[in-house]
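Indexing begins at 1, ligand by ligand and atom by atom, following the structure's order. Note that the coordinates shown come from a computational prediction; the quantities given were computed from them, not determined experimentally.
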Amino acid sequence: MSRATILRVPPLSPQLHDAVGEQYDAVDPADLPARRDDVVGIVCTNTGRVDGDLIASLPRLGVIVNHGVGYDNIDVPAALARGIAISNTPDVLDDAVAETAIALLLAVRREVVAADRFVRDGRWPDGPYPLTAQVADSRVGIIGLGRIGRAVATRLEALGCAVSYHNRRQVPDVDYTYAASPAALAAAVDNLVVVVPGGAGTEALIDRSVLDALGPDGVLVNIARGSVVDEPELVAALREGRLGGAGLDVYADEPRVPEELTTMDNVVLLPHVASGTHVTRAAMRALTLDNLAAWLADGTLRTPIPELSAR
Ligand code: NDP
């Protein structure tokens with residue numbers, strides 16, 4: 001039987017790239033001019049763009065399997081209009097991403113990175129490091145109490161924090177305090193963790209009004225998408241002391257990070273690694289390949305995106 005032709009949209013991890021090559025007739029973007037008519041599936045990660053032009057250029061495309069829970073890299077309406085199936089990798093990354101949120105919060109509040117620099121720079125003999133703020137007993141708001149948001153919440157409870165949240169809809173089965181808007185939540189907490197999907201619906205959800213509501217003693221943690229935060233406003237708020245600090249895993253124009261942020265000691269910067277553990281990436285890879293195999297076998301997906309299930 002001939003093997004299905006699958007387009008690998010970069011960047012893919014070497015393991016995923018090779019696995020697709022071993023199991024399928026894999027093509028890469030450079031091969032496309034000659035192979036457009038053969039491609040039935042796309043494998044991508046959430047940093048590889050699958051736009052309307054690419055989708056339109058592949059007449060036999062039937063499935064897009066995304067290695068990542070967020071899929072704002074894909075033109076979903078264009079794909080659904082063609083009846084193309086889309087999958088993502090929910091659940092398997094919740095623990096790793098939630099850990100990263102907690103790591104960022106602790107790192108900013110306890111000044112872990114700045115204190116490390118203090119030791120490395122040989123400044124300790126000149127006097128002790130200044131006191132820091134503890135996370136225990138603080139009020140933490142979560143914007144996006146979904147799968148990952150809940151995993152963040154349980155860890156915050158274990159740290160002794162008071163948890164509240166904002167979603168568009170109140171979650172029925174939790175006791176956390178609900179706030180009706182991002183600004184209302186920000187005004188009521190010391191620390192704000194953002195973990196909503198990216199895309200048009202959440203573009204600049206964290207705007208100046210939210211940052212100002214969080215205030216000069218507040219800390220923002222963003223493990224969602226760079227697009228969710230108005231980045232120029234974030235930089236300005238930090239520069240002007242209107243925001244106390246920030247822990248960031250994601251940025252508006254990755255891998256470019258506003259240079260001013262790199263000069264601030266009250267900011268901790270990660271290179272979009274929230275799900276980046278060996279265990280989690282292996283699970284995400286397996287689920288991505290399972291989705292592709294299932295669709296090729298019988299047209300089903302193990303984890304279709306919600307827009308597809310809702311149809
Ligand atoms: P879920 O769909 O389980 O949760 C998303 C939550 O966001 C829901 O509770 C939803 O509630 C809420 N939400 C959606 N839109 C809005 C809005 N406009 N305003 C307020 N709340 C909103 O997703 P996951 O928890 O699995 O993942 C969340 C996101 O985290 C991913 O989409 C991805 O972008 C990001 N992520 C980042 C990673 C990284 O490496 N940094 C790794 C993994 C995920 P409601 O619908 O009621 O509003």
Side-chain angles (χ1 to χ4, degrees), residues 11 13 44-48 66-74 76 86-105 141-156 163-174 176 178-186 192-207 209-210 220-230 246-252 254-255 257 268-277 279-281 283-285 287-288 303-310:
S13 68
C44 58
T45 69
N46 52 29
T47 50
N66 188 59
H67 178 272
V69 68
Y71 45 90
D72 46 311
N73 54 310
I74 300 171
V76 173
I86 307 173
S87 65
N88 62 346
T89 59
D91 301 315
V92 294
L93 41 62
D94 295 352
D95 288 340
V97 180
E99 273 181 10
T100 305
I102 300 298
L104 282 170
L105 179 57
I142 298 174
I143 301 213
L145 194 74
R147 289 173 294 249
I148 299 168
R150 283 170 181 255
V152 173
T154 54
R155 285 159 175 78
L156 290 171
V163 177
S164 52
Y165 74 100
H166 166 72
N167 278 4
R168 289 166 300 181
R169 286 169 292 272
Q170 197 162 348
V171 179
D173 63 336
V174 297
Y176 309 129
Y178 178 70
S181 72
L185 181 64
L192 190 65
V193 179
V194 187
V195 63
V196 291
T202 55
E203 178 89 37
L205 188 68
I206 310 303
D207 59 11
S209 70
V210 178
L220 178 79
V221 171
N222 185 14
I223 52 158
R225 286 288 181 268
S227 60
V228 179
V229 175
D230 185 329
L248 307 172
D249 184 49
V250 287
Y251 309 87
E254 296 174 11
V257 176
V268 175
L269 305 168
L270 295 180
H272 199 150
V273 292
S275 70
T277 68
V279 166
T280 294
R281 288 290 167 84
M284 291 166 66
R285 192 163 61 245
L287 185 51
T288 303
T303 48
I305 62 168
E307 292 90 326
L308 206 61
S309 318

With heavy atoms under 4.0 Å as the rule, classify the contact between Val250 and ligand 1 as side chain, backbone, both or neither. side chain

Mark up the atoms of ligand 1 that fall under 4.0 Å of a heavy atom belonging to Ala274, in ascending order. 39 (C), 40 (O), 41 (N)

With a 4.0 Å cut-off on heavy atoms, is Thr202 touching ligand 1? yes

Closest non-hydrogen atom pair between Ser164 and Leu185, with its separation: OG-CD1, 3.3 Å

Keeping Thr303 on the side-chain end and Asn88 on the backbone end, is there a donor-acceptor pair under 3.5 Å? yes

Any donor-acceptor pair under 3.5 Å from Thr202 side chain to Val228 backbone: no

min-distance protein heavy atom vs atom 31 (C) of ligand 1 -> Val69 CG1, 3.8 Å

Rounded at 0.5 Å granularity, tell me how far OG1 in Thr100 sits from CG in Asp249. 6.0 Å

For ligand 1, indicate whether the residue Arg169 contacts it via side chain, backbone, both or neither (heavy-atom separation under 4.0 Å). both

Main-chain N/O of Gly276 paired to Thr280 side chain as donor or acceptor, under 3.5 Å: no

For His166, the ligand 1 atoms with a heavy-atom partner under 4.0 Å come out as 20 (C)

For ligand 1, which is the ligand I care about here, please tell me if Ile148 has any N or O atom under 3.5 Å from one of the ligand's N or O atoms. yes

Consider every N or O of Arg147 and every N or O of ligand 1, then say whether any pair is closer than 3.5 Å. yes

Qualifying residue, where the test is side chain to side chain contact (heavy atoms under 4.5 Å, CB included) with Val229 and the options are Leu205, Leu220, Val210: Leu220

As an exercise, state the distance from CG of Asp72 to CD of Glu203, rounded to the nearest 0.5 Å. 10.0 Å

For Gly201, the atoms of ligand 1 under 4.0 Å from one of its heavy atoms are 18 (N)

Residue and atom name of the nearest protein heavy atom (relative to atom 42 (C) of ligand 1), distance in Å to one decimal: Val97 CG2, 3.5 Å

Is any N or O atom of Gly146, backbone or side chain, closer than 3.5 Å to an N or O atom of ligand 1? yes

Could you give the distance from CG (Asn73) to SG (Cys44), rounded to the nearest 0.5 Å? 5.0 Å

In this structure, atom 28 (C) of ligand 1 is nearest to the protein heavy atom Val195 O, 3.4 Å

Can you give me the closest heavy-atom contact between Tyr251 and Val257, atom names plus distance? CE2-CG1, 3.9 Å

What's the spacing between Asp95 CG and Thr154 OG1 if we round to 0.5 Å? 8.0 Å

Distance to 0.1 Å, residue and atom name: give those for the protein heavy atom nearest to atom 37 (C) of ligand 1. Ile223 O, 3.0 Å

For His272, atoms of ligand 1 separated by under 4.0 Å from a heavy atom: 39 (C), 40 (O), 41 (N)

What's the shortest distance from atom 32 (O) of ligand 1 to any protein heavy atom, and which residue and atom give it? Pro197 CA, 3.2 Å

Once you restrict to heavy atoms under 4.0 Å, what part of Val196 touches ligand 1? Side chain, backbone, both or neither. both

Sidechain-backbone polar pair: Asp207 side chain, Asp230 backbone, donor-acceptor under 3.5 Å: no

Quick one: which ligand 1 atoms are inside 4.0 Å of a heavy atom on Leu145? 9 (O)

Heavy atom to atom 41 (N) of ligand 1, shortest distance: which of Val273, Asp249, Asn46, Leu270 holds it? Asp249

Check whether any side-chain N or O of Asn46 sits under 3.5 Å from a backbone N or O of Tyr71 as a donor-acceptor pair, and report yes or no. no

Counting heavy atoms only, which part of Ala224 comes closer than 4.0 Å to ligand 1: side chain, backbone, both or neither? backbone

Protein heavy-atom partner closest to atom 9 (O) of ligand 1 - residue, atom, separation in Å: Asn167 ND2, 2.9 Å

Treating Tyr165 as the side-chain partner and Val171 as the backbone partner, does any N or O pair qualify as donor plus acceptor under 3.5 Å? yes

Looking only at distances, please establish whether an N/O atom of ligand 1 is found under 3.5 Å from an N/O atom of Arg168. yes

What I want to know is whether Leu205 and ligand 1 share at least one N or O pair that is separated by under 3.5 angstrom. no

